[in-house]
A.B. asks: 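The structure is given below, and queries will be raised subsequently.
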Amino acid sequence: MPNIPSAAPPPITAPPLDGHAEGVSNDEFRAAMSRLASGVVLVTAFEPPLAADGPKGEDVGMTATAFLSVSLDPPLVLVSLRTGSRMDDLLDEQPLWAVSVLSESQRHIAGRFAMKGRISDRLLFEDIPYVRGEATGAPLVGGALATLECRTEKSVVAGDHTLVIGRVLTASLPSAEGGPLMYFRGRYRQLG
């Protein structure tokens with residue numbers, strides 16, 4: 001004779017659409033997600049001058065750990081940007097940007113662009129070797145494990161971040177040595 005439950009299971013209710021699910025705090029969520037190791041990239045773009053006769057344009061960069069491949073055909077990637085950040089505002093205005101996949105020896109670059117509020121934007125790229133991408137005009141960091149140039153296909157606001165999906169226009173594999181720079185439990189790490 002089959003085992004038939006005597007009472008229906010309790011109904012599953014969805015958490016409210018705004019705010020946190022019941023019982024999950026910012027600190028708990030952040031701690032749980034810090035256990036997910038991720039690669040570290042530098043997202044860059046060129047901010048054109050406001051006027052032809054004004055000051056020249058400026059390079060903008062941002063360290064990101066929320067970056068992933070979305071599709072092979074067409075080649076799409078996704079990066080998560082804090083809504084209202086300079087990079088979010090810039091990519092809302094102009095669609096061309098680049099990604100440099102940082103190597104384990106480039107921890108200083110990741111740290112520099114993660115602390116932008118403490119360093120003048122004009123000094124961020126000082127003494128960092130890079131070439132300007134042909135498809136985007138964005139800086140491509142020398143010594144990176146890989147570089148991608150992208151054009152925004154779609155942006156989606158998700159909570160306090162904007163998910164930017166980009167079509168990969170170019171991909172290159174410079175002759176960088178070593179493994180990837182990783183981020184785990186609030187610290188930069190390397191494999192091994």
A.B. asks: Measuring from atom CG of Leu81 to atom NE2 of His161, what distance do you get when rounded to the nearest 0.5 angstrom?
C.D. replies: 7.5 Å

A.B. asks: So Cys150 and Val77, side-chain contact (heavy atoms from CB on, under 4.5 Å) or not? Walk me through it.
C.D. replies: CA-CA 8 Å; Cys150 306; Val77 293; 3.8 Å; yes

A.B. asks: Would you call Arg132 and Pro139 a side-chain contact if the rule is heavy atoms closer than 4.5 Å?
C.D. replies: yes

A.B. asks: Identify the heavy atoms of Gly137 and Glu149 that sit nearest to each other, and give their distance.
C.D. replies: N-OE1, 4.2 Å

A.B. asks: Distance check, rounded to the nearest 0.5 Å: Glu104 atom CD versus Gln106 atom CD?
C.D. replies: 10.0 Å

A.B. asks: Linking I/L/V/M/F/W/Y whenever their side-chain heavy atoms sit closer than 4.5 Å, directly or via other members, would Val43 and Leu96 fall into one cluster?
C.D. replies: no

A.B. asks: With side-chain contact (heavy atoms from CB on, under 4.5 Å) as the criterion, how do Thr44 and Phe125 come out once you've worked through the C-alpha distance, each side chain's angles and the decisive distance to 0.1 Å?
C.D. replies: CA-CA 10 Å; Thr44 56; Phe125 287 92; 4.0 Å; yes

A.B. asks: Any heavy-atom pair between the side chains of Asp92 and Ser155 that's under 4.5 Å?
C.D. replies: no

A.B. asks: Distance check, rounded to the nearest 0.5 Å: Glu47 atom CD versus Gln94 atom CD?
C.D. replies: 8.5 Å

A.B. asks: Check whether any side-chain heavy atom of Tyr130 sits under 4.5 Å from a side-chain heavy atom of Leu42, and report yes or no.
C.D. replies: no

A.B. asks: Report yes or no: do Leu68 and Val41 belong to one cluster of Ile/Leu/Val/Met/Phe/Trp/Tyr joined by side chain heavy-atom distances under 4.5 Å?
C.D. replies: no

A.B. asks: For the hydrophobic clusters of this structure (ILVMFWY residues joined by side-chain heavy atoms under 4.5 Å, transitively), does one cluster hold both Leu76 and Leu163?
C.D. replies: yes

A.B. asks: Can you tell me how far CD1 of Ile109 sits from OG of Ser103, rounded to the nearest 0.5 angstrom?
C.D. replies: 7.5 Å

A.B. asks: Test side-chain contact (heavy atoms from CB on, under 4.5 Å) on Phe46 and Thr136; report intermediate values, then the result.
C.D. replies: CA-CA 8 Å; Phe46 178 73; Thr136 63; over 6 Å; no

A.B. asks: How close do Leu173 and Ala146 get, heavy atom to heavy atom, and via which atoms?
C.D. replies: CD2-CB, 3.8 Å

A.B. asks: Does the side chain of Arg112 reach to within under 4.5 Å of the side chain of Asp127, using non-hydrogen atoms?
C.D. replies: yes

A.B. asks: State plainly whether one hydrophobic cluster holds both Leu140 and Val168, where clusters connect Ile, Leu, Val, Met, Phe, Trp and Tyr through side-chain heavy atoms under 4.5 angstrom apart.
C.D. replies: no

A.B. asks: Indicate whether any N or O donor in one side chain lies under 3.5 Å from an N or O acceptor in the other, for Thr162 and Thr83.
C.D. replies: yes

A.B. asks: To the nearest 0.5 Å, what is the distance between CG (Asp59) and CG (Leu124)?
C.D. replies: 10.0 Å

A.B. asks: Evaluate side-chain contact (heavy atoms from CB on, under 4.5 Å) for Tyr183 paired with Thr63, printing each intermediate quantity in order.
C.D. replies: CA-CA 11 Å; Tyr183 194 72; Thr63 301; over 6 Å; no

A.B. asks: Checking side chain to side chain contact (heavy atoms under 4.5 Å, CB included) between Phe113 and each of Val40, Ile128, Val60, which is the one that passes?
C.D. replies: Ile128

A.B. asks: Which pair of heavy atoms, one from Leu91 and one from Ala45, lies closest together, and at what distance?
C.D. replies: CD2-CB, 4.2 Å

A.B. asks: Measure the spacing between OG of Ser80 and CG of Asp88 and express it to the nearest 0.5 Å.
C.D. replies: 9.5 Å

A.B. asks: Closest approach of Pro174 and Leu145, non-hydrogen atoms and distance?
C.D. replies: CD-O, 3.8 Å

